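One structure is given below, encoded as structure tokens.
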Amino acid sequence: MTNDIYGPFPGSTAGFPDASWSAALTEGQRARYEQLGTNLEVVERRIADACAAAGRARGEVRLIVVTKTYPAEDTALLAGLGVTDVAENRDQDAAPKAEQCRNLPLDWHFVGQLQTNKVRSVVRYANHVHSVDRLRLVESLGAAVLKGDRPELGCLVQVALDKEDGEGGHRAGVAPADVPAMADAIADTPGLRLDGVMTVAPLAGPLAGDPARAFDRLAEIASAVRTAHPAATMVSAGMSGDLEQAIAAGATHVRVGTAVLGVRSPLR
């Protein structure tokens, strides 16, 4: 796709998206817009059905569309379709995309492993970081927020469920036993706000291949965090292939990419 959409950029005028913006889309852009809309309808139906099956209100679950590897143009089209929350996992891709989309009504989430040398850049656009997993990162985020003179940054403890049994030592995330200390560190750091916990269904250990059990375990961990920090109500879990199991276990935010945007090209 081209970047023609950045001519009359969506969101540059009041009333986005309006009829004049929609009418200005090229044929290719309109086809992509309709494709994304169809995919979103399917995902929304899945979320609604999962909420109904779990006896939960649809409003209890927020959809975050993971736009990694896709152009800023797709993000703009998603905003035109009513998407409000988008996520990225690499700052080198996210920073320029967020800048191009700065006038759109979007809430940016950073969900990938975050190196401390990228923190200053990430806090310029992200309102939420889902992948907090070490004290040095907590300190760096807090310092960058205060130096950047911006509102508090919402942070989630990334839980590595496979580390509960000694596996996955090299992977990102905090072992379940270490979550309380990490949550306390975030809550005690000026500039940061502890929002809750996040996980990805593990690929190793006894919970591998069983997302329902994995998300049930996350729910237990999230409940313990809320006991100490009642405002930390966010549970970020579930992706395109397992959002139903996550919602059944109490996820408040699901991170969906492929089911909305399509199969991704390999990262270079």
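From a predicted model like this one, the values you see are computed outputs, not experimental measurements.
- Within the structure, the salt bridge (Lys or Arg N to Asp or Glu O under 4.0 Å) test picks out the following pairs touching residues 208-220 (sequence neighbours left out): Glu164-Arg217, Asp210-Arg213, Arg217-Glu220.
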With a 3.5 Å cut-off and sequence neighbours excluded, list the donor-acceptor pairs that the side chains of residues 198-209 form with protein atoms.
from	atom 1	to	atom 2	distance (Å)
Thr199	OG1	Val159	O	2.7

Problem set entry | Evaluation steps, salt bridge (charged side-chain N to carboxylate O under 4.0 Å, His left out), between Arg58 and Glu44 | CA-CA 9 Å; Arg58 170 62 186 88; Glu44 284 289 346; 2.7 Å; yes

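- The list of side-chain hydrogen bond (donor to acceptor under 3.5 Å, both in side chains) pairs with a residue in residues 133-156, not counting sequence neighbours, is empty.
- Looking only at distances, no side-chain donor or acceptor of Tyr125 sits under 3.5 Å from a matching main-chain atom of Ala94.
- Note: His128 and His109 have parallel aromatic rings, judged against thresholds of 30 and 60 degrees for the angle between ring planes.
- The closest donor-acceptor contact from the side chain of Tyr70 to the backbone of Gly262 lies under 3.5 Å.
- A side-chain donor-acceptor contact under 3.5 Å links Lys97 to the backbone of Thr67.
- Using a 4.0 Å cut-off between a side-chain N of Lys or Arg and a carboxylate O of Asp or Glu, Glu99 and Arg102 qualify as a salt bridge.
- Screening residues 222-236 for side-chain hydrogen bond (donor to acceptor under 3.5 Å, both in side chains) gives His130-Ser236, Asp184-His229, Ser236-Arg255 as the qualifying pairs, with residues at least two apart or on separate chains.
- Lys163 places a side-chain N or O within donor-acceptor distance of the main-chain N or O of Gly173, the cut-off being under 3.5 Å.
- Within the 4.5 Å cutoff, no side-chain heavy atoms of Asp107 are placed close to those of Ile64.
- Under a 4.5 Å side-chain heavy-atom criterion applied to ILVMFWY residues, the cluster that includes Val42 comprises that residue alone.
- Sorted by first and then second residue, the pairs that involve residues 238-247 and meet side-chain hydrogen bond (donor to acceptor under 3.5 Å, both in side chains), not counting sequence neighbours, are Arg46-Glu244.
- Side chains of Gln35 and Arg32: a donor-acceptor N/O pair is present below 3.5 angstrom, by distance only.
- In this structure, the side chains of Leu77 and Leu25 come closer than 4.5 Å at one or more pairs of heavy atoms.
- Side-chain atoms of Thr252 and Glu60 include no donor-acceptor pair closer than 3.5 Å.
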